[in-house]
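Numbered from 1 within each chain, the chains take letters A, B, ... in sequence-line order. Keep in mind it's a predicted model, so treat the numbers as computed, not measured.
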There are 2 protein chains.
Amino acid sequence: MAGKRTDARRKQHAQASVDDAAGQEARAEPTLARERIVVTAVELLDARGVAGLTMRELAERLGSGVMSLYWHVSNKEEVLDLALDLVLEPPHCVEFGNWREEVVHQLEDWRASMLRHPWSVSLLPRRALGPNLLSRLELLSRALSKAGVADADVNAAIWSLWNHPVGATITRVSFTLSDDDMAAGQRRLARGSDRYKAIEQSRLLLDNDWDGAFRKGIDFLLDGFARAK
Amino acid sequence: MAGKRTDARRKQHAQASVDDAAGQEARAEPTLARERIVVTAVELLDARGVAGLTMRELAERLGSGVMSLYWHVSNKEEVLDLALDLVLEPPHCVEFGNWREEVVHQLEDWRASMLRHPWSVSLLPRRALGPNLLSRLELLSRALSKAGVADADVNAAIWSLWNHPVGATITRVSFTLSDDDMAAGQRRLARGSDRYKAIEQSRLLLDNDWDGAFRKGIDFLLDGFARAK
DNA sequence: ACCTGAACACCGTTCAAGT
DNA sequence: ACCTGAACACCGTTCAAGT
């Protein structure tokens with residue numbers, strides 16, 4: 001969790017890690033192999049999940065020896081960082097008339113990106129924030145700056161909006177169970193039906209309009225901001 | 001991610017898995033070892049994080065052979081499930097006068113539990129929901145039933161509240177960096193200072209009043225519900 | 001009913017070489 | 001500058017036995 005983050009003994013080329021955004025036009029050649037690795041890693045993650053990403057398997061898919069990877073990449077950790085970041089690329093900046101639509105669009109796009117690559121959400125908690133995540137945060141901040149939220153509340157407002165897709169996607173992924181698990185869950189609910197009375201009554205776990213609930217959640221927040229104004 | 005969830009070839013005693021809530025008073029003896037394992041697993045996770053939890057290390061801490069664990073537990077996966085669930089035990093039901101305080105209390109307690117065991121939040125996405133998580137969902141549903149939210153919105157309201165601590169805790173954990181990372185992040189921001197103008201200006205990443213922002217987020221949502229009523 | 005050690009099929013990564 | 005295979009120190013888990 002904490003880990004050894006001090007990568008002083010990094011190979012020189014590794015300045016071009018997730019960390020830096022500048023200077024990406026120069027020396028495009030060596031970066032190419034790096035990109036191939038990351039793209040293939042994403043494919044592998046899509047196909048086999050986090051547990052399926054193995055340096056050995058990754059190398060095989062690339063038709064190279066395992067250790068060749070380590071010239072382009074310092075770690076398996078770094079492969080995960082890069083794969084996560086690749087998948088979270090923000091949308092090209094669309095200009096909407098009103099800031100409300102802009103916020104909704106940004107958050108829905110983010111959620112959609114994560115749902116397209118369900119492993120990404122499980123990597124979110126333990127990875128440092130990559131540049132693409134930072135860019136999204138920046139875009140969100142800008143959109144919200146037009147909303148006229150009180151100065152004292154604006155940061156809290158940004159974080160609340162930010163947390164919504166994160167939480168919603170995790171919830172969605174962890175509550176989307178195999179049919180077996182679903183059946184087991186139903187049985188569990190039925191067994192202790194007094195314990196989970198409210199859940200059963202509201203059909204909370206069966207009413208799976210995740211998209212609608214997500215959208216409504218954004219609206220609740222935005223309405224809440226308006227009221228706090 | 002998908003994985004082999006069909007545990008037909010489970011040892012008999014393993015009916016007493018996370019799944020079931022009934023029949024926990026009978027035959028307390030064998031369960032004791034199970035509990036010891038889980039408690040020790042939590043200690044180990046607290047000390048060394050997810051990567052530090054090893055069946056071998058766990059056995060050593062318990063003073064037993066590695067394979068002894070497998071009589072009480074079918075998997076490392078199951079150890080993680082049980083550890084997660086143990087840590088998410090809901091608070092004893094306190095009766096508040098108003099539902100608003102009740103909701104706030106529940107969500108703050110949940111967040112605090114996760115922050116006490118930061119590894120728990122990284123396990124949330126990939127584990128099925130244990131009984132304690134379900135209980136929390138039930139308690140939240142009940143508290144909110146007194147809020148008078150429109151029928152069509154009540155489930156979306158519950159999910160929005162539910163997602164808030166999940167997202168907030170993940171954000172808090174992944175933005176709480178080592179000092180090294182913090183410095184690196186600052187440098188990154190400074191370098192592309194036009195790219196991250198809004199973030200810098202609002203001092204979003206430096207203003208680390210996480211508790212306050214979390215609480216305000218709840219209020220935004222609750223105010224949003226009131227408006228949608 | 002409960003515990004065990006040996007063994008298997010994997011991991012990520014170091015190192016010393018190759019071209 | 002880029003790639004490689006052998007080797008090391010780990011993993012989780014199966015199996016066949018022990019008590």
Short N-O contact, A/Asp46 and A/Arg116, less than 4.0 angstrom: no
B/Trp71 side-chain proximity, nearest of C/dC2, C/dT13, D/dG12: C/dC2
Side chain B/Gln106, main chain B/Leu140, donor-acceptor under 3.5 Å: yes
Heavy-atom pair of closest approach, residues B/Ala47 and B/Arg61: CB-NH2, 4.3 Å
Salt bridge flag under 4.0 Å for residues B/Arg56 and B/Glu60: no
Nucleotide nearest A/Ser68 when distance is taken to its side chain, options D/dC3, C/dC3, C/dG5: D/dC3
Gap between atoms OH and P, on A/Tyr70 and D/dG5 respectively (whole Å): 15 Å
Check: A/Ser64 main-chain N/O paired with A/Ser68 side-chain donor or acceptor under 3.5 Å: no
Charged N-O contact under 4.0 Å between B/Arg48 and B/Glu43: no
Pairing string, 5' to 3', for DNA chain D - Watson-Crick or wobble contacts under 3.5 Å, brackets [ ] where pairs cross, | to another strand: ||.|||||...|||||.||
Distance-only polar pair, side chains of A/His164 and B/Asn163, donor-acceptor under 3.5 Å: no
Closest heavy-atom pair and its distance - A/Leu161, A/Leu107: O-CD1, 3.7 Å
Nearest-angstrom distance, C1' atom, C/dA9 to D/dC10: 13 Å
Whole-Å gap separating P (D/dA1) and NE2 (A/His72): 13 Å
Those residues of residues 52-65 of chain A lying under 4.0 Å from DNA chain D by at least one heavy atom: A/Arg56, A/Ser64, A/Gly65
Presence of B/Asn75 side-chain N/O under 4.0 Å of D/dT13 phosphate oxygens OP1/OP2: yes
Gap in Å between the two P atoms, one belonging to D/dA17 and one to C/dC2, rounded: 22 Å
B/Leu69 CG to D/dT13 P, straight-line distance once rounded to whole Å: 11 Å
Between C/dT4 (P) and B/Met67 (CE): distance, integer Å: 11 Å
Donor-acceptor contact present, side-chain B/Arg111 to main-chain B/Pro165, <3.5 Å: no
Between P of C/dC2 and CD1 of B/Ile37, the distance in whole Å: 12 Å
